[in-house]
Amino acid sequence: MTTLEELAQQGDPGTMQEEGQAGQLKLMTPQQLYELWERQHWQSQEIDFTKDREDWARFSDEQKDTLVWLLSSFFIGEERVTTQFSGLVMAYEDEHEESFLATQQVDEARHMQFFDRFYREVVGLEQEEFDGRLQRVREELNEAFTTLFDEALVEAGRRLIADPGDREAKVDFVTTYHMVIEGTLALTGQHFITDYLEENGLLPGFVEGFDNVARDEHRHVAYGTWWLQQNAGADENLGRRLQEKLGELVPVAAGVLVPPGADPTDYEILGYTSDEVNGFAFNSLSRRLKAIGVPLEMPAASEA
Amino acid sequence: MTDTAEDTQSSPDTQKWICETCGYVYDPEEGDEDGGIPPGTPFDDIPKDWFCPVCGARKKDFRALEPGEEVPD
């Protein structure tokens, strides 16, 4: 069985050979992404969970445990970034980027509200206060999640707040959030969870909202890819910084995907194998780096 | 340099498609080999679980390029 970290250490020959050419790929600008945001509004409070409540009542305890665990990292992750994103908003370089980054912060709050509604109205968490539900869901998370969201992300945001003009800090934040958290972890989870629920005709309200969350995140990842292409793809030192940050965080991210008590090298989520999950995550990351124009270079396991 | 979609829309086999979220253009002539799509594959023949290599958008989030629309070269 192959882990995400092992896949990343192999590198991607396609990425290496074509990085210069791929770095020329023309991407949407922050102004275009802002205008897209205006056209793609949705309301987290309007999703109909009627059929979802019926489905949930029929689920086995094992199905419920799996979904509560899987979705907990999304719920808490959205809560974390709603506030921790402020440093990047402060680091805007022109008014187009300022406008887009402000929309992303609003998106994160909307996603947190959507997951809170799902846990309250479908899962049926008993805690009356928002904070109490967050505390309950936090019990599901593992140490790798804490390292990524409570340490790496918080530290990157703190450095940007201290000095919004710090380019290396901005590379660290965009790599941590847009490339690793959203571009690798969230999109991978969304792909398999949505596929499972759609194939089985389950939780249609949740799928509708989750699809909207994913569409928002595609816009965010498009911004991160654009910014890194313009900066890390055009400056050798910043490119190296991006590679170093990935080398630090990819092994941590791989740990977030491992179910509680499972063998990290051989597990299953909703019937999908760890090879399928890690392969999708690695493929997503390596293809995106090709668009940025910076190859994936991971330290050997003994050096990490 | 840019060209337009006009000369690529004579048949579904050569129709280019654009990701509405990030602007990535799928060109059947090039395919997406890293995504398992060989050159010469029309968009309609791509599996539904294929996703945009830039932003991760799903196949349903692409639209056909309009006649005369600029295509990033």
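Just so it is clear, the values below take in all heavy atoms, side chains as well, and ignore hydrogens, waters and symmetry mates. By convention in this document, chain letters (A, B, ...) are assigned in the order of the sequence lines, proteins followed by strands, and residues within each chain are numbered from 1.
In this structure, chain B has no heavy atom under 4.5 Å from any part of A:Glu35. Only the side chain of A:Thr225 has a heavy atom closer than 4.5 Å to any heavy atom of chain B. In this structure, chain B has a heavy atom under 4.5 Å from the side chain of A:His191, while its backbone stays farther away. Contacts between A:Thr194 and chain B at a heavy-atom distance below 4.5 Å involve the side chain alone, from C-beta outward. Contacts of B:Asp32 with chain A are made by side-chain atoms alone, with heavy-atom separations under 4.5 Å and no backbone atom involved. With a 4.5 angstrom heavy-atom cutoff, B:Glu33 does not touch chain A via any of its atoms.
Pairing each heavy atom of A:His218 with each of B:Arg58, the nearest pair is CE1-N, 4.2 Å.
One finds the SG atom of B:Cys22 at 9.0 Å from the CZ atom of A:Arg288 (value rounded to the nearest 0.5 Å). Note that CD of A:Glu182 and SG of B:Cys55 are 11.5 Å apart. Values are rounded to the nearest 0.5 Å.
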Intermediate values then yes/no, salt bridge (Lys or Arg N to Asp or Glu O under 4.0 Å), A:Arg215 and B:Asp61: CA-CA 9 Å; A:Arg215 190 176 56 189; B:Asp61 296 318; over 6 Å; no
side-chain contact (heavy atoms from CB on, under 4.5 Å) between A:Arg287 and B:Phe51, intermediate numbers included: CA-CA 11 Å; A:Arg287 292 165 76 197; B:Phe51 58 93; 3.3 Å; yes
Test side-chain contact (heavy atoms from CB on, under 4.5 Å) on B:Val54 and A:Leu27; report intermediate values, then the result. CA-CA 9 Å; B:Val54 174; A:Leu27 302 172; 3.7 Å; yes
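Within a 6.0 Å radius of CD in B:Glu29, other residues, nucleotides and ligands contribute 12 heavy atoms or fewer. The environment of OH in A:Tyr92 is sparse: at most 12 heavy-atom neighbours from other residues, nucleotides or ligands sit within 6.0 Å.
Using a 4.5 Å heavy-atom cutoff, the side chains of B:Thr21 and A:Met28 are not in contact.
A salt bridge links B:Lys60 with A:Asp211: at least one charged nitrogen is closer than 4.0 Å to a carboxylate oxygen.
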